[in-house]
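Working notes, beginning with the structure itself.
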Amino acid sequence: MGIYLNPRNTDFQRAVNSEIYVDKSMLIEYANKKLNTEQQFICVSRPRRFGKSMAANMLSAYYNCKNDSRQLFCNLKITESDTFEKHLNKYNVIRINMQNFLNESHDINEMLGFVEEDLIDEIKEEYPDVKYPKRETLIKVLASVFSCTDVPFVIIIDEWDCVLRESSIDDEGQKKYLDFLCNLFKDKSYVSLGYMTGILPIKKYGKHSAINVFYEYSMTDAAPISEFTGFTESEVKAICDRYDKSFTEMKRWYDGYRVNNDDIYNPKSVVESVLRGGFNNYWTSTETYEALKVYIEMNFDGLKDTIIELLAGQKAKIDTTTFTNDMVTFSSKDDVLTLLIHLGYLTYDIDTKEVSIPNYEISEQYASTIKVMGWSEVAESLKRSDELLEVTLKCDEKRVAQLVEQAHQDNTSILEYNDENSLSCVLSLAYYSARKTYTIERELAAGKGYADLVFKPRANNTNPAMIIELKYNHSTEEALDQIKNNQYADCLKDYRGEILLVGVNYDKKTKKHSCKIEKISK
């Protein structure tokens, strides 16, 4: 067994041994169906720390012909598959992490040379009796081994896109790298399965998209294998039951990635939350705010407006088709937003073609980033949100109106303020800090209509629930009457206690806000 050719099962064994291990072995059944078919090349792109490497290690352990992996898989779901025995430990596996080669190289040419040299050395050592050609290349060596042994290769490349992410300005080097991948895989009889993982989908490079032999499964379209990278809702519920954790809080903090029809949770954060006994920014803390800042401050028309609307809880329609799958070529705000989907900072609904901020952890990262950027007016609104919640709970109608008015003035240059929807956006931003203790829902079905903003207290929060109705060129009295007449309080089904009914109106003529608050009990 070598380092890259038929490596030991150590890495996957470590995953299985972990206190929290989620069985993703049915990915193997899907891969088995693709062996030696036109669909035998699979490229999975996900944000960092979403379980890509674990899946690659699992496939390596299963197919590796130099290991006996039966015991390792004996308690996993894949053993129930009809294909389990057929392909278990039947292939030569090449398993490489391209990031490691890039780290020890000065340029891409040297990196590719290292890959070829190391793999050829290991292959020749493992198969010394094979007759190799005089002009040795990796492709010819692989073909020679297959011709002699009839044992095909499963080639697994982790971090395949590191060259595109870290050598983004080396256009010629990137093309050489893509040519290398194309030559390694395309029309090669020695390959039974190619499996690559990365953060970015395969770069569109004209004729260099020739590695389009790969079928891509990304954050914008991962069907039918979306469940195998990241934790599904049912898997997270099982973890919460096992460790007596609040599923509601887990969902608020780490859910929100809508990948086709599956709700996917960030596995890094879920595991950290359970093992550390709390809820915190575990995934985003592994990078500085600079990772997000560099993209959201790009000077594209409408990008700033959209980011603020997303932070306020809104969704935005985008076109993902113009994205060229790299981190430097942007022609519109949609390209930037599409990159943020692949990086894990936004989620994408394939049915509605809309993006949104997935969860509280990511929302906090946006808020922290904005506070250190030049968006002072937005940062001020976020800072004042603690006071706004405080005075609302005190039923200080005059001060609530003043703070809402200030939030409006702060964001006038960003958000067009001409209807109840834009007023709702400003209010959502103004009450940002309330998300720590409340679940805030917009346009929630309630009674005979839809409540504009509903604040449901979280566990261990003794503050009252709140229903806020917004009016534009009407009156606060009309707002409260609408809440009561349409029975909006019915949306708080399991809640018992005090409810604040808050009416906010904006008078376009006077450019003034007014507020009226009533208390009821349920």
Assess whether side-chain hydrogen bond (donor to acceptor under 3.5 Å, both in side chains) is satisfied between Lys333 and Thr306, documenting all intermediate values. CA-CA 9 Å; Lys333 74 169 184 177; Thr306 300; 2.7 Å; yes
Residue pair Asn32, Tyr62: steps toward the side-chain hydrogen bond (donor to acceptor under 3.5 Å, both in side chains) verdict: CA-CA 11 Å; Asn32 284 344; Tyr62 173 76; 3.3 Å; yes
Pair Tyr345-Ile357, side-chain contact (heavy atoms from CB on, under 4.5 Å): steps then yes or no: CA-CA 7 Å; Tyr345 291 110; Ile357 295 177; over 6 Å; no
Could you check Phe214 against Tyr195 for ring-ring contact (aromatic ring centres under 6.0 Å, His included), going step by step and ending with a plain yes or no? CA-CA 9 Å; Phe214 277 84; Tyr195 187 89; 9.2 Å; no
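Using a 3.5 Å distance cut-off with no hydrogens or angles, the side chains of Ser226 and Asp262 do pair a donor with an acceptor. Glu364 and Thr284 are not linked by any side-chain donor-acceptor pair at a separation below 3.5 angstrom, with hydrogens and angles left out of the test. Under 3.5 Å, the side chains of Gln482 and Lys471 contain a donor-acceptor pair of N or O atoms. In this structure, a donor-acceptor pair under 3.5 Å is absent between the side chains of Asn359 and Asp255. Ser363 and Tyr432 form a side-chain donor-acceptor contact under 3.5 Å, judged by distance and modelled atom types alone. Looking only at atom types and distance, the side chain of Asn9 has a donor-acceptor partner in the side chain of Ser69 under 3.5 Å away. Looking at Glu233 and Tyr265, their side chains do bring a donor and an acceptor atom within 3.5 Å of each other. Side-chain atoms of Tyr254 and Glu249 form no donor-acceptor pair, as typed in the model, at a separation below 3.5 Å. A donor-acceptor pair shorter than 3.5 Å can be found between the side chains of Thr232 and Glu235. Neither side chain, Ser332 nor Asp334, offers a donor N or O lying under 3.5 Å from an acceptor on the other. A donor and an acceptor atom, one from each side chain of Asp386 and Ser433, are located under 3.5 Å apart. Defined by atom type and a distance below 3.5 Å, a donor-acceptor pair is missing between the side-chain atoms of Tyr282 and Glu361. For the residue pair Tyr30/Tyr217, the side-chain donor-acceptor check at 3.5 Å is satisfied. For the residue pair Thr322 / Asp335, a side-chain donor-acceptor distance below 3.5 Å is found, with atom types taken as modelled. In summary, the side chains of Arg458 and Thr439 do present a donor paired with an acceptor at a separation below 3.5 Å, with no hydrogens or angles considered.
Counting heavy atoms from C-beta on, the side chains of Leu343 and Pro47 never come closer than 4.5 Å. Two residues are said to be in side-chain contact when any heavy atoms from C-beta on lie closer than 4.5 Å; Glu19 and Tyr243 meet this criterion. The closest side-chain heavy-atom distance from Asn281 to Trp253 is below 4.5 Å. With a 4.5 Å cut-off on side-chain heavy atoms, Phe279 and Tyr360 do not count as touching. Taking 4.5 Å as the limit, some side-chain heavy atom of Leu200 sits within range of a side-chain heavy atom of Met327. Looking at heavy atoms from C-beta onward, Cys43 lies out of side-chain contact with Tyr215 at the 4.5 angstrom threshold. Here the side chains of Ile42 and Leu193 are in contact, with some heavy-atom distance below 4.5 Å. The shortest distance between side-chain heavy atoms of Lys245 and Ile239 does not fall below 4.5 Å.
Of the possible donor and acceptor atoms, one in the side chain of Thr392 sits under 3.5 Å from a partner among the backbone N and O of Leu388. Proximity of a side-chain donor or acceptor of Glu469 to a complementary backbone N or O of Gly503 within less than 3.5 Å is not detected. Side-chain atoms of Lys493 never come within 3.5 Å of backbone atoms of Asp490 as a donor-acceptor pair (strictly under, hydrogens ignored). The main-chain N or O of Tyr488 is never found under 3.5 Å from a side-chain atom of Asn486 such that the two would form a donor-acceptor pair. The backbone N or O of Leu382 lies less than 3.5 Å from a partner atom in the side chain of Ser385, making a donor-acceptor pair. Formation of a donor-acceptor pair under 3.5 Å by the Asn325 side chain with backbone atoms of Ile202 is found in this model.
Checked against His342 for a ring-ring contact (aromatic ring centres under 6.0 Å, His included), the options Phe323, Tyr257, Tyr348 give a single hit: Phe323.
Every residue meeting the side-chain hydrogen bond (donor to acceptor under 3.5 Å, both in side chains) condition with Thr220, not counting sequence neighbours, appears here in chain and number order: Ser218. Asn261 is linked by a side-chain hydrogen bond (donor to acceptor under 3.5 Å, both in side chains) to nothing, counting only residues two or more places apart in sequence or in another chain. Under the side-chain hydrogen bond (donor to acceptor under 3.5 Å, both in side chains) criterion, Asn103 pairs with Gln99, sequence neighbours left out.
We find the CD-CG distance between Gln365 and Leu311 to be 12.0 Å, quoted to the nearest 0.5 Å. Going from atom CG of Leu500 over to atom NZ of Lys519 covers 6.5 Å, rounded to the nearest 0.5 Å. Here the straight-line distance linking atom CG of Leu501 with atom CD1 of Ile467 works out to 6.0 Å at 0.5 Å rounding. Summarising the geometry, atom CD belonging to Glu441 is positioned 4.5 Å from atom NZ belonging to Lys456; distances are rounded to the nearest 0.5 Å. In this structure, Ile308 CD1 and Cys425 SG are separated by 8.5 Å, a value rounded to the nearest 0.5 Å. Between Ile499 atom CD1 and Cys491 atom SG the span is 8.0 Å, to the nearest 0.5 Å.
Taking the six-membered ring where tryptophan is involved, the planes of Phe330 and Tyr295 are perpendicular, since the angle between them exceeds 60° and thus also 30°.
At a threshold of 4.0 Å, the pair Glu159-Arg48 does not count as salt-bridged, since none of the basic side-chain nitrogens sits closer than that to a carboxylate oxygen. Note on Arg399 versus Glu387: salt bridge recorded, some NZ/NE/NH1/NH2 to OD/OE distance being below 4.0 Å. A salt bridge is absent between Glu498 and Lys522; no separation between the charged side-chain nitrogens and carboxylate oxygens falls under 4.0 Å. Salt-bridge formation is not detected for the pair Glu80/Lys77: no Lys NZ or Arg NE/NH1/NH2 atom is positioned less than 4.0 Å from an Asp or Glu carboxylate oxygen. Under a 4.0 Å N-O distance rule, the pair Glu309/Lys315 does not qualify as a salt bridge. Remark: Asp452 does not engage Arg442 in a salt bridge, criterion side-chain N to carboxylate O under 4.0 Å. Taking a cutoff of 4.0 Å between a charged side-chain nitrogen and a carboxylate oxygen, Arg95 and Asp158 qualify as a salt bridge.
Within a 6.0 Å sphere centred on CG of Asp244, heavy atoms belonging to other residues, nucleotides or ligands number 12 at most. More than 12 heavy atoms of other residues, nucleotides or ligands lie within 6.0 Å of CZ in Arg252, so this atom counts as buried by the packing criterion. Counting non-hydrogen atoms of neighbouring residues, nucleotides and ligands closer than 6.0 angstrom, the OH atom of Tyr21 exceeds 12 such neighbours. Atom CG of Asp82 is surrounded by 12 or fewer heavy atoms from other residues, nucleotides or ligands within 6.0 Å.
Between Tyr472 and Tyr506, the ring center distance clears the sub-6.0 Å criterion. Here the two rings, on Phe50 and Phe231, have centers that are 6.0 Å apart or farther.
For Lys237 and Phe247, the positive end sits near the middle of the six-membered ring, less than 6.0 Å away and at most 45° from its axis.
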